[in-house]
There are 2 protein chains.
Amino acid sequence: MNQKTTKPAARPTAREKLLDAAFSVIREQGYSATSVDDLCRTAGVTKGAFFHHFPSKEALAVAAANHWSEATGAFFAAAPYHDPKDPLDRVLGYVDFRRAILQGDVPEFTCLVGTMVQEAYGSSPDIRDACRASIFDHAANIERDIAEAMAERGINNAGWTARSLALHTQAVLQGAFILAKAEGTADGGANLAAQSVDHLRRYIEMLFTTEKLSHAA
Amino acid sequence: MNQKTTKPAARPTAREKLLDAAFSVIREQGYSATSVDDLCRTAGVTKGAFFHHFPSKEALAVAAANHWSEATGAFFAAAPYHDPKDPLDRVLGYVDFRRAILQGDVPEFTCLVGTMVQEAYGSSPDIRDACRASIFDHAANIERDIAEAMAERGINNAGWTARSLALHTQAVLQGAFILAKAEGTADGGANLAAQSVDHLRRYIEMLFTTEKLSHAA
DNA sequence: GACAGCATACCAACTGGTTGGTATATCCGG
DNA sequence: CCGGATATACCAACCAGTTGGTATGCTGTC
């Protein structure tokens with residue numbers, strides 16, 4: 001389209017710095033607990049700049065959720081798990097990839113939109129919609145590989161759909177993040193989350209190997 | 001112990017009304033977005049009464065998390081899924097029960113401590129610890145039945161433990177709540193969550209039937 | 001290529017209202 | 001008439017958002 005949207009520029013604008021700040025600060029403190037001043041301080045920008053680029057704090061949250069969709073979309077699109085010919089290997093590769101990136105402190109591997117939607121689902125439809133789109137669009141990518149794997153193995157009418165399994169993967173991840181937050185210690189959280197992802201992987205494997213043998217529900 | 005803790009009394013005290021208010025208001029708005037005035041208004045109590053019973057907003061959150069542990073503990077202890085002799089049936093009964101209570105509006109079936117820990121894990125160790133205790137103690141109950149079921153079927157060294165599976169059930173539930181919040185519509189959220197619980201049930205079933213046949217990892 | 005004209009980007013200081021919390025007064029049962 | 005429970009009035013700090021203004025860059029014209 002135009003240069004503005006495609007080129008993040010050498011010297012980042014206040015808008016980009018604020019969105020980056022939102023990624024880290026909101027994941028650490030939550031949305032409501034994060035003040036506009038917090039974001040400005042982290043971004044190294046003044047309040048005037050904030051309200052020049054965003055009409056409200058809520059609008060920044062929506063923009064951050066959309067920016068999160070783009071950033072994670074590019075991140076997962078560039079990940080290596082898309083290579084295998086067998087769609088099931090791609091699905092399992094995705095799960096393995098999600099497990100591998102569970103590292104560092106909790107705010108570093110948790111999900112911005114999952115955090116935000118918890119706080120905003122009742123008070124701000126705009127934020128909720130942006131977060132929903134981020135989660136569900138991401139799930140739709142996995143759904144495609146799952147559907148292919150099902151087709152290849154002749155699985156249908158099994159009591160579950162590609163869509164429900166794709167959404168289940170997201171539920172497991174979001175839930176794993178909550179347990180990680182509750183756990184408290186640095187690595188402890190990541191390990192805890194990883195164990196849930198292990199269960200998820202085992203489930204998907206069993207789902208496809210068992211169903212292969214007898215796919216009569 | 002004493003009467004204070006065991007008897008909720010005919011006319012509820014301001015403390016009890018505030019804790020009840022916290023259950024509904026915080027699940028709807030989140031912790032940070034809920035003001036002390038909000039809680040007082042909902043409880044029908046003045047600010048003076050609030051700070052007579054709780055030294056701070058944070059202290060109320062801790063008390064609410066502990067009260068949540070007691071209330072849900074009694075609720076699940078009284079549930080009918082404990083009856084079966086086969087421990088696996090008790091585990092599956094628990095999952096079925098969790099699925100059955102996914103009804104009504106989102107704030108009605110979601111988890112107080114799961115919501116709170118997301119916002120407070122970084123800023124308030126006290127709240128985080130109270131929420132962690134609530135989640136992990138609840139998981140410990142399920143872990144007992146899982147461990148029994150594993151013993152009965154001779155499952156060990158299977159790559160997973162009773163504890164990790166018990167925590168996984170909580171992760172799935174917490175994640176299902178997030179998807180429900182993101183979904184937006186009334187029943188839509190509950191249905192979405194129910195589908196994840198269905199996957200969880202299927203997983204546990206497969207885990208025990210498959211492992212029974214060949215439990216060599 | 002110089003320069004007027006204008007939009008964008010940004011800033012420091014400020015505002016009205018809300019926040020968590022306090023000081024003090026009143027109610028009411030034993 | 002004492003002491004826990006509740007109410008009223010209030011405060012300093014903080015909140016999201018506004019203001020009036022400056023710096024910087026782009027654009028067309030001669």
Side-chain angles (χ1 to χ4, degrees), chain A residues 1-22 25-26 28-65 67 116 119-120 123-127, chain B residues 2-5 7-22 25-26 28-65 116 119-120 122-127:
Chain A
M1 298 296 217
N2 61 40
Q3 290 183 309
K4 271 271 184 57
T5 52
T6 53
K7 161 176 66 126
R11 238 178 316 166
T13 99
R15 182 190 161 89
E16 290 157 348
K17 286 193 278 187
L18 283 165
L19 289 175
D20 280 350
V25 178
I26 293 179
E28 205 175 317
Q29 308 184 347
Y31 170 68
S32 304
T34 298
S35 70
V36 173
D37 281 324
D38 283 340
L39 293 165
C40 293
R41 208 174 308 122
T42 304
V45 168
T46 62
K47 229 170 179 181
F50 183 103
F51 285 101
H52 173 73
H53 291 283
F54 306 102
S56 66
K57 186 191 172 189
E58 185 184 16
L60 167 121
V62 172
H67 186 45
M116 281 205 302
E119 298 183 61
S123 55
S124 168
D126 288 351
I127 297 177
Chain B
N2 61 42
Q3 291 184 309
K4 272 273 186 51
T5 53
K7 161 178 68 125
R11 237 177 317 164
T13 94
R15 184 190 159 88
E16 291 158 346
K17 286 194 276 186
L18 282 165
L19 289 174
D20 279 351
V25 178
I26 293 179
E28 205 176 317
Q29 307 182 345
Y31 169 68
S32 303
T34 298
S35 69
V36 173
D37 282 325
D38 283 340
L39 292 166
C40 292
R41 207 175 308 123
T42 304
V45 164
T46 61
K47 232 170 175 180
F50 184 103
F51 285 100
H52 174 73
H53 291 284
F54 305 102
S56 66
K57 185 191 172 188
E58 184 183 17
L60 168 120
V62 172
M116 280 205 302
E119 297 183 61
S123 54
S124 168
D126 289 351
I127 298 177

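Chain identifiers are assigned alphabetically (A, B, ...) following the order of the sequence lines, protein sequences preceding nucleic acid strands; residue numbering begins at 1 within each chain.
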Round to a whole Å and report the spacing from OH of Tyr31(B) to C1' of dT19(C). 12 Å

Whole-Å gap separating P (dA5(D)) and CZ (Phe54(B)): 12 Å

Atom CG of Asp37(A) and atom C1' of dT15(C) are separated, to the nearest Å, by 14 Å

Would you indicate which nucleotide in dT19(C), dA9(C), dA5(D) comes nearest to any side-chain atom of His52(B)? dA5(D)

Heavy-atom nearest pair, Ala61(A) first then Ile127(A), reads CB-CD1, 3.6 Å

Heavy-atom contacts under 4.0 Å between residues 55-64 of chain B and DNA chain D, which residues? none

Using OP1 and OP2 only, check whether a side-chain N or O of His53(A) sits under 4.0 Å from dT8(C). no

Enumerate the protein-to-nucleotides 7-14 of chain D contacts in which both atoms are nitrogen or oxygen and the separation is below 3.5 Å.
{"from": "dA7(D)", "atom 1": "OP2", "to": "Thr46(B)", "atom 2": "N", "distance (Å)": "3.2"}
{"from": "dA7(D)", "atom 1": "OP2", "to": "Thr46(B)", "atom 2": "OG1", "distance (Å)": "3.0"}

Without decimals, in angstroms, what is the distance between Phe50(B) CZ and dT19(C) P? 13 Å

Value in whole Å for how far the C1' atom of dA5(D) lies from NZ of Lys17(B): 11 Å

Separation of Asp38(B) atom CG from dT19(C) atom P, in whole Å? 7 Å

Heavy-atom closest pair, residues Ala63(B) and Arg15(B): CB-NH2, 4.3 Å

Distance-only criterion, 3.5 Å: show the donor-acceptor pairs between side-chain atoms of residues 39-54 of chain B and protein atoms not counting sequence neighbours.
{"from": "Arg41(B)", "atom 1": "NH1", "to": "Asp38(B)", "atom 2": "OD1", "distance (Å)": "3.2"}
{"from": "Thr42(B)", "atom 1": "OG1", "to": "Asp38(B)", "atom 2": "O", "distance (Å)": "3.0"}

Without decimals, in angstroms, what is the distance between Phe51(A) CZ and dC14(C) C1'? 14 Å

For Ser32(B), report the nucleic acid contact type (base, sugar-phosphate, nothing); a contact means any heavy atom under 4.0 Å. nothing

Test side-chain contact (heavy atoms from CB on, under 4.5 Å) applied to Ala65(B) - qualifying residues, sequence neighbours left out: Val113(B), Met116(B), Ala130(B), Cys131(B)

Would you kindly give the CZ-to-P distance between Arg41(A) and dA16(D), to the nearest whole Å? 11 Å

Can you list the residues that meet the salt bridge (Lys or Arg N to Asp or Glu O under 4.0 Å) rule with Asp126(B), with sequence neighbours excluded? none

Using every non-hydrogen atom in the two residues, find where Lys57(A) and Thr34(A) come nearest and quote the distance to one decimal. NZ-O, 2.8 Å

